[in-house]
Amino acid sequence: MGFFSAIFGTTDNTQLVEAIKDGAFLVDVRTPGEFALGSVKGAVNIPLDRIASQLAQFKNKKHVVVFCRSGNRSGQAQSILQHYGISNVIDGGTVGNVKECVG
């Protein structure tokens, strides 16, 4: 068991895994430089500071999964999207977490 798992408990990724299996729109909200160093297969890069100006890309998606390096920016991205009425957003947390769920 990892250090964080021991402190915070294990994360239940059931909803995340199901959304990914169902063709979720995967969005890496890190900077383009971070994205260039590697991301999740099939993910697009929409940095956090561009989320509000890129809302059209999120419309009509059945599931949206946002993620970043630590989980902080993905939480902010989820809040921004929900503020604009996009409610089908899952905060995937870290890029590593989403990679594990993609398989």
Side-chain angles (χ1 to χ4, degrees):
M1 182 182 286
F3 175 74
F4 291 107
S5 298
I7 294 174
F8 300 111
T10 57
T11 304
D12 180 6
N13 284 323
T14 306
Q15 181 185 19
L16 177 59
V17 170
E18 290 303 315
I20 291 169
K21 284 181 183 175
D22 199 27
F25 182 48
L26 303 174
V27 183
D28 187 329
V29 299
R30 298 177 300 159
T31 66
E34 290 173 296
F35 183 76
L37 296 174
S39 188
V40 175
K41 184 179 180 181
V44 299
N45 182 218
I46 304 175
L48 177 63
D49 62 353
R50 297 187 195 148
I51 293 288
S53 66
Q54 299 292 320
L55 294 174
Q57 293 195 53
F58 297 94
K59 301 284 185 194
N60 302 317
K61 300 287 194 268
K62 187 172 182 182
H63 306 286
V64 175
V65 173
V66 291
F67 59 93
C68 62
R69 183 182 53 81
S70 69
N72 183 24
R73 287 174 282 182
S74 61
Q76 292 176 56
Q78 181 184 38
S79 294
I80 291 166
L81 290 167
Q82 289 174 337
H83 172 79
Y84 286 103
I86 299 167
S87 60
N88 56 339
V89 183
I90 298 169
D91 180 354
T94 67
V95 63
N97 185 56
V98 175
K99 271 186 183 179
E100 286 180 18
C101 294
V102 168

Among residues at least two apart in sequence or on other chains, which ones pass salt bridge (Lys or Arg N to Asp or Glu O under 4.0 Å) with K41? none

Please name all residues satisfying side chain to side chain contact (heavy atoms under 4.5 Å, CB included) with N72, sequence neighbours left out, ordered by chain then number. S70, Q76

Min side-chain heavy-atom separation L48-V66 under 4.5 Å: no

Side chain to side chain contact (heavy atoms under 4.5 Å, CB included) involving T31 - partner list, sequence neighbours excluded: E34, R73

Quick check: does any side chain N or O of D28 sit under 3.5 Å from a backbone N or O of N45, one acting as donor and the other as acceptor? no

side-chain hydrogen bond (donor to acceptor under 3.5 Å, both in side chains) with D22: which residues, sequence neighbours excluded? K62, H63

Residue pairs passing the side chain to side chain donor-acceptor pair (under 3.5 Å) test with at least one member in residues 51-60, sequence neighbours excluded, are Q54-Q57

Between V89 and V29, is there shared hydrophobic-cluster membership here, with clusters defined by ILVMFWY side-chain heavy atoms closer than 4.5 Å? yes

Taking atom NZ of K21 and atom SG of C101, what is their separation to the nearest 0.5 Å? 10.0 Å

Sorted by chain and residue number, the side chain to side chain contact (heavy atoms under 4.5 Å, CB included) partners of Q15 (sequence neighbours excluded) come out as I90

Show, in sequence, the C-alpha distance, side-chain angles and deciding distance for V102 and L26, and conclude whether the side-chain contact (heavy atoms from CB on, under 4.5 Å) test is met. CA-CA 10 Å; V102 168; L26 303 174; 4.3 Å; yes

Got a sec, which residues hit ring pair (Phe, Tyr, Trp, His ring centres under 6.0 Å) with F35, two or more places apart in sequence or on another chain? none

Is it the case that one hydrophobic cluster holds both L55 and I46, taking links as side-chain heavy atoms less than 4.5 Å apart, direct or via other members? yes

Side-chain heavy atoms of V40 within contact of V65, under 4.5 Å: no

Minimum-distance pair of heavy atoms, taken over all atoms of S74 and C68: N-SG, 3.4 Å

Under a side-chain separation threshold of 4.5 Å, the hydrophobic residues clustered together with V17 are none

Here the side chain to side chain donor-acceptor pair (under 3.5 Å) pairs for residues 79-90, sequence neighbours left out, are none

Only pairs at least two apart or in different chains count here, so list each salt bridge (Lys or Arg N to Asp or Glu O under 4.0 Å) that has a residue in residues 88-103. none

Spatial distance of atom CG (L81) from atom CD1 (I51) [nearest 0.5 Å]: 5.5 Å

Could you walk me through whether F58 and V27 pass the side-chain contact (heavy atoms from CB on, under 4.5 Å) check? CA-CA 10 Å; F58 297 94; V27 183; 3.7 Å; yes

Taking a hydrophobic cluster as the set of Ile, Leu, Val, Met, Phe, Trp and Tyr residues connected by side-chain heavy atoms closer than 4.5 Å, whether directly or through intermediates, do V95 and I20 fall within one such cluster? yes

